[in-house]
Trainee: 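This is the structure I have questions about; it appears just below.
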2 protein chains.
Amino acid sequence: MNQLKEALDTLKDTGVRITPQRHAILEYLINSMSHPTADDIYKALEGKFPNMSVATVYNNLRVFREVGLVKELTYGDASARFDFVTSHHYHVICEKCGKIVDFHYPGLDEVEHLASHVTGFKVENHRMEIYGTCPDCESKEVH
Amino acid sequence: MNQLKEALDTLKDTGVRITPQRHAILEYLINSMSHPTADDIYKALEGKFPNMSVATVYNNLRVFREVGLVKELTYGDASARFDFVTSHHYHVICEKCGKIVDFHYPGLDEVEHLASHVTGFKVENHRMEIYGTCPDCESKEVH
DNA sequence: AAAATTAATTATAACAATTATAATCTAAGA
DNA sequence: TCTTAGATTATAATTGTTATAATTAATTTT
């Protein structure tokens with residue numbers, strides 16, 4: 001249940017030093033429930049770490065990604081978003097306001113299999129995003 | 001069958017002027033069968049249009065996207081890729097060499113429905129990418 | 001067809017996200 | 001404690017993309 005503790009253990013196991021900055025970035029990622037950009041994280045931790053550099057955020061997000069704790073997502077917009085890895089889910093994205101909502105759904109294994117069969121690839125994983133309009137934006141719509 | 005002609009008709013119908021540069025960009029997109037970046041296109045047409053600006057490539061890719069002729073794709077890597085819109089297909093991407101292969105498969109309507117039901121979104125469309133290792137890279141693998 | 005208007009292209013500058021570099025600081029091990 | 005490796009900071013560099021202004025080309029109006 002305690003995701004932060006598990007994550008810190010993962011870092012320890014892989015020999016990655018646990019610094020206050022890393023602790024805070026992980027904590028933020030886990031608690032935010034949003035899908036923040038590097039800059040979001042940087043700004044959110046400004047109060048706690050006035051001297052922290054953006055490079056630190058990027059560096060550590062890369063470290064977390066390499067250790068498998070975090071997934072990097074790129075949508076159409078300018079900057080990448082980062083998602084703490086939990087159970088398998090997809091993202092539903094509002095095309096009006098950019099909101100991202102998790103959509104829990106089992107992985108599409110049969111699609112992976114077929115793709116592998118047709119293309120000859122050794123398939124490892126896949127990602128999917130679903131686009132539409134969120135209820136908020138939908139209700140604001142003018143008719 | 002003649003995709004270029006159809007595409008040009010679409011431009012005419014929507015009142016978009018057909019210039020030599022646009023013609024060439026479209027032609028390249030249709031014939032390349034790869035999924036080029038803006039820079040790829042720019043470089044490929046350098047011989048034909050020595051004075052063409054990168055801005056022209058970007059501008060026209062945006063125009064094509066707005067008219068529905070082209071899809072913009074963003075993966076993990078730095079630059080966006082552009083795909084001439086044909087029938088419904090997904091992309092299988094090699095994590096070693098970056099190669100992108102089309103994988104024709106009917107749309108996952110039932111997933112869209114469920115996502116809509118669960119999240120309350122008005123779902124419009126989705127995208128999926130499948131990641132793995134292509135046969136070439138797989139065979140080069142050291143055991 | 002010439003003039004006027006609109007749109008497209010070019011060249012260039014600006015911008016924003018990310019990465020690289022070098023210096024400083026921190027922490028762990030000998 | 002001294003040494004060494006790793007992490008952070010500050011800053012510069014890079015890269016993909018967009019904005020701006022001037023020029024050129026194409027369409028419409030006269």
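In what follows, chains are A, B, ... by sequence order, proteins preceding strands, each numbered from 1.
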Trainee: Is the number of heavy atoms from other residues, nucleotides or ligands within 6.0 Å of NE2 (A/His113) greater than 12?
Mentor: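 Open.
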Trainee: Checking all strands, does B/Thr19 fall into the base, sugar-phosphate, or nothing category for heavy-atom contacts under 4.0 angstrom?
Mentor: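 The residue B/Thr19 makes sugar-phosphate contact but no base contact.
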Trainee: Return yes when atom NZ of A/Lys99 has more than 12 non-hydrogen atoms of other residues, nucleotides or ligands closer than 6.0 Å, and no otherwise.
Mentor: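 Counting other residues, nucleotides and ligands, NZ of A/Lys99 exceeds 12 neighbours.
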Trainee: Considering only heavy atoms from C-beta outward, does the side chain of A/Leu11 approach that of A/Leu26 to under 4.5 Å?
Mentor: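 Counting from C-beta outward, A/Leu11 and A/Leu26 do come under 4.5 Å.
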Trainee: According to a strict under-4.0 Å criterion, is A/Asn59 in side-chain N/O contact with OP1 or OP2 of D/dT9?
Mentor: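 No, no such contact exists.
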Trainee: Would you tabulate the pairs of protein nitrogen or oxygen atoms and nucleotide nitrogen or oxygen atoms of nucleotides 13-19 of chain C closer than 3.5 angstrom?
Mentor:
unit_1: C/dT18; atom_1: OP1; unit_2: A/Ala80; atom_2: N; d: 2.9
unit_1: C/dT18; atom_1: OP2; unit_2: A/Tyr58; atom_2: OH; d: 2.2
unit_1: C/dT18; atom_1: O5'; unit_2: A/Tyr58; atom_2: OH; d: 3.3

Trainee: Check whether the ring centres of B/Phe103 and A/His117 lie less than 6.0 Å apart, and answer yes or no.
Mentor: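 When the ring centroids of B/Phe103 and A/His117 are compared, they turn out to be at least 6.0 Å apart.
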Trainee: For DNA chain D, whose closest nucleotide is more 5', that of A/Gly15 or that of A/Pro50?
Mentor: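 Result of the comparison: A/Gly15.
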Trainee: Using a heavy-atom distance cut-off of less than 4.0 Å, which residues of residues 21-28 of chain B contact DNA chain C?
Mentor: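 B/Gln21, B/Arg22, in order of number.
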Trainee: Between the protein and nucleotides 21-25 of chain D, are there any N/O to N/O pairs under 3.5 Å, and if so, what are the atom names and distances?
Mentor:
none

Trainee: Check this one for me: any side-chain N or O of A/Asn60 less than 4.0 Å away from OP1 or OP2 of D/dT8?
Mentor: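 Affirmative; the distance criterion is met.
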Trainee: Below 30° counts as parallel, above 60° as perpendicular, anything between as tilted: where do the rings of A/His35 and A/His91 land?
Mentor: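 Because their plane-to-plane angle is over 60°, the rings of A/His35 and A/His91 count as perpendicular.
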Trainee: Can any side-chain N or O of B/Thr133 pair as donor or acceptor with the backbone N or O of B/Glu138 at less than 3.5 Å?
Mentor: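 No, B/Thr133 side chain to B/Glu138 backbone: no donor-acceptor pair under 3.5 Å.
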Trainee: Taking only N and O in the side chain of B/Ser53, is any of them less than 4.0 Å away from OP1 or OP2 of C/dT9?
Mentor: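 Answer no for this pair, as no side-chain N or O of B/Ser53 is under 4.0 Å from OP1 or OP2.
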